[in-house]
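Everything on this sheet refers to the single structure shown next.
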Protein chains: 2
Amino acid sequence: MRPGQKIEMHPTEQMPLVGILGAGQLGRMLALAGYPLGLRFRFFDPAPDAPAGQLAEHFVADYTDEDALRRFAQGVDVFTYEFENVPVEAVRFLSRFAPVYPPPAALEAAQDRLSEKTLFRHLGIPTPPFAPVDTREQLDDAVRAIGLPAVLKTRRFGYDGKGQRVLRTTNDVESAWQALGGVPLILEGFIPFEREVSVLAVRSRTGETAFYPLVENHHRDGILRLSLAPAQSSIFSHQSSISNLHSLACDYASRLVAALDYVGVLAIEFFVQEGRLLANEMAPRVHNSGHWTIEGAATSQFENHLRAVLGWPLGATAMRGLAAMLNLIGALPDAQAVLALPGAHLHLYGKAPRPGRKLGHITLQAEDRESLYNLLEQARPIADL
Amino acid sequence: MRPGQKIEMHPTEQMPLVGILGAGQLGRMLALAGYPLGLRFRFFDPAPDAPAGQLAEHFVADYTDEDALRRFAQGVDVFTYEFENVPVEAVRFLSRFAPVYPPPAALEAAQDRLSEKTLFRHLGIPTPPFAPVDTREQLDDAVRAIGLPAVLKTRRFGYDGKGQRVLRTTNDVESAWQALGGVPLILEGFIPFEREVSVLAVRSRTGETAFYPLVENHHRDGILRLSLAPAQSSIFSHQSSISNLHSLACDYASRLVAALDYVGVLAIEFFVQEGRLLANEMAPRVHNSGHWTIEGAATSQFENHLRAVLGWPLGATAMRGLAAMLNLIGALPDAQAVLALPGAHLHLYGKAPRPGRKLGHITLQAEDRESLYNLLEQARPIADL
């Protein structure tokens, strides 16, 4: 065999080939979790420099390119996606060749904030008040019905705080409309002094379901910066205990996975208000607030997502100690400073630095809260937090 | 960009490119540990179906092909190897292009059982009695000097019990000579009722050194089948405590890494005899008896090997609970049966089954010894042990 630049790919025919739409860091971490299980991976992503392309076969084409999707599909045993803005049409097209999980209906619901919140309401899952906004007149009506402050959001393609405007007074209404109007919008009640938590559910093709502990999330500029697992009761002003909130979150997640006949990891973000959980949004995929599970749980969200879509038994979701996850945004940290922290685990995604871009994360681990907080204080400046 | 079968490789120029000789399962696990650190990998291995080729660039050529080695070397920041029978000449050739760790001298010593044992003796590390055997006459002399039982071994290229014959009586001498004679040999005293333990040391380019807990190893047909971490004192007949043996092993390992100006993970296997450690062999690389560190230690041997060869700070080597590692030899297990065991972690290497071949391993984890042993009893039949 000729030596050279050629990269050899060695299909091991016994083991399933997983086709993944989107080759970002979530796809990369799925592959890193799945290789030890003997799985093979193939990615589809229009970005030639997508992070998962460094460690697996990567088809570079537009999601609307059916010819490329057809070639991508050859030999794939199961499809999944790591990005919820992948076109539903592409997902439905691929489902002709092999099963796609999570089910396309879940993807469709999650892509539209109005469908998503309507589904929550239909299942008895509380949400902030909301109303659809397609015209300037509807916006005025919605502001009257919901009151201010409120948040105007695009119904589709929003992420990391993009496509949102907070309306604090009636003076903000016109500028928000100017900024966002022209596409379908939704106005949502603004939750003051918000505390955000998230729960990850995972459901296998067999119906087996498991939940990770409730996680507390802190954002800056609309981007997740810090997750603490499990959520710390000290942050909650009300008397509600974390275990009550965890039970409530699992109940809501159970309703969603049952209603959607869901398969895979499902993330749900909630606002905490006076001991209640108000569902903000869901993501039909592995989720940034679950990255701590790589070291902090018996089985990572990535491995469990793969087990679920293959119909294999789920792994234990129990925590191993306490964990904090800090996102690395925009600039790479001093890798050696991270590695010198005992209990710190560095995860870089192989992405070029750019303002606001998620380049990696650090997971901190400790056996007790005081040690975790000490470690967190040391890690914050390194992660620019 | 054209869609298709082409695999895109995306050099992220900031991060180091690690060139690895050998693309077996050890190389594969090095890459899986190194991708989260943002590292890039390139492998060199004459076997086109080598396991690491599934997840990184793989140069397929003979180790003696200098032209291929030269191309392989382009842009590599540091070289390492995952296989101790790689020709020293190839390693020395590559050292013209970038540093090679562990140092070639360590590789050279480890490739020859006589050099290795002579080095141990020189450093005051006890070994079983040994004598070189190049002729039939020398074999008779060696048998007289060492006594029986004894083990006749090839000096080079032995692994997994290959190239060895046990001599129990003088009747075995001629047949062992017929089987192995013609290449340089060594006769070693046979350690009856042997207990084998191993220690992994890791030393960074900065000189920082760390040790993993002492591990107890069980073989069948010359192949490692089970490692328990940490070693369990119940298996030792003598009054020596595990912590004494651990200190002794670390002392011996320290002498070796200092003498060799070693960089990377070094594994040393010892026989335990009446509270003493007798060095059997060393491996200048990550080692099968350290696979439990992926889940069972704060930092895996694979990540620490990479940190060491890059001169980065080492990660903590402390255990996380107790661990057992079962090798999967010759046949693939029922993956779902493994995954259904709580606390079990499956690692498959992407290799086709073949008798005697290491295809994967299972790591079991528990918080106490009783739980670990219960889990081990469930896992043994699945791993055909």
Side-chain angles (χ1 to χ4, degrees), chain A residues 1-10 12 14-15 28-29 31-32 35-38 40 48-51 53-62 65 67-68 71-72 294 298-299 307 312-316 320-321 332 335-336 339-340 342-343 345-353 360 365, chain B residues 1-10 12 14-15 28-29 31-32 35-38 40-41 48-51 53-61 65 67-68 71-72 294 298-299 307 312-316 320-321 332 335-336 339-340 342-343 345-353 360 365:
Chain A
M1 195 156 258
R2 189 182 67 81
Q5 298 294 340
K6 189 167 175 296
I7 302 136
E8 300 291 327
M9 294 297 294
H10 316 303
T12 310
Q14 317 71 331
M15 296 305 294
R28 181 175 160 114
M29 288 186 276
L32 289 172
Y35 279 128
L37 302 179
R40 297 173 296 138
D49 61 346
Q54 290 168 25
L55 45 84
E57 198 182 3
H58 173 197
F59 282 62
V60 179
D62 196 84
D65 182 343
D67 194 48
R71 282 199 302 274
F72 170 70
I294 296 175
T299 314
R307 291 187 188 214
W312 288 356
L314 298 180
R320 306 184 70 195
L332 289 168
Q336 299 200 37
L339 299 177
H345 297 272
L346 178 63
H347 296 261
L348 297 179
Y349 306 149
K351 291 161 81 171
Q365 279 219 295
Chain B
M1 197 156 256
R2 191 182 65 81
Q5 298 294 341
K6 187 167 176 297
I7 303 135
E8 299 291 326
M9 293 297 294
H10 315 304
T12 310
Q14 316 72 331
M15 296 306 294
R28 181 175 161 115
M29 289 186 274
L32 288 172
Y35 280 128
L37 303 179
R40 297 174 295 137
F41 291 92
D49 61 346
Q54 290 168 26
L55 46 83
E57 199 182 3
H58 174 196
F59 281 62
V60 179
D65 183 341
D67 195 47
R71 281 199 304 274
F72 170 70
I294 295 174
T299 314
R307 292 187 186 214
W312 288 356
L314 299 180
R320 306 185 70 195
L332 289 167
Q336 300 200 38
L339 299 177
H345 297 272
L346 178 62
H347 296 262
L348 297 179
Y349 307 149
K351 291 160 82 171
Q365 279 220 295

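Below, read A as the first sequence line, B as the second, and so on, with proteins coming before strands; counting in each chain starts at 1.
Contact annotation for A/Leu314: only backbone heavy atoms (N, CA, C, O) come within less than 4.5 Å of a heavy atom of chain B. Contacts between A/Ala298 and chain B at a heavy-atom distance below 4.5 Å involve the backbone alone (N, CA, C, O).
Of the residues considered (B/Gln365, B/His347, B/Gln336), B/Gln336 shows the highest number of contacts with chain A, using heavy-atom pairs under 4.5 Å. Between chain B and the options A/Gly343, A/Pro342, A/Ala340, A/Ala316, heavy-atom pairs under 4.5 Å are most frequent for A/Ala340.
Note: A/Gln54 CD to B/Leu55 CG = 12.5 Å, rounded to the nearest 0.5 Å. The distance from atom OH of B/Tyr35 to atom CG of A/Leu32, rounded to the nearest 0.5 Å, is 8.0 Å.
Between B/Met15 and A/Leu348, the shortest heavy-atom distance links the atoms CE-CD1, 4.0 Å.
Within the 3.5 Å criterion, the main-chain N or O of B/Gly321 finds no donor-acceptor partner in the side chain of A/Arg320.
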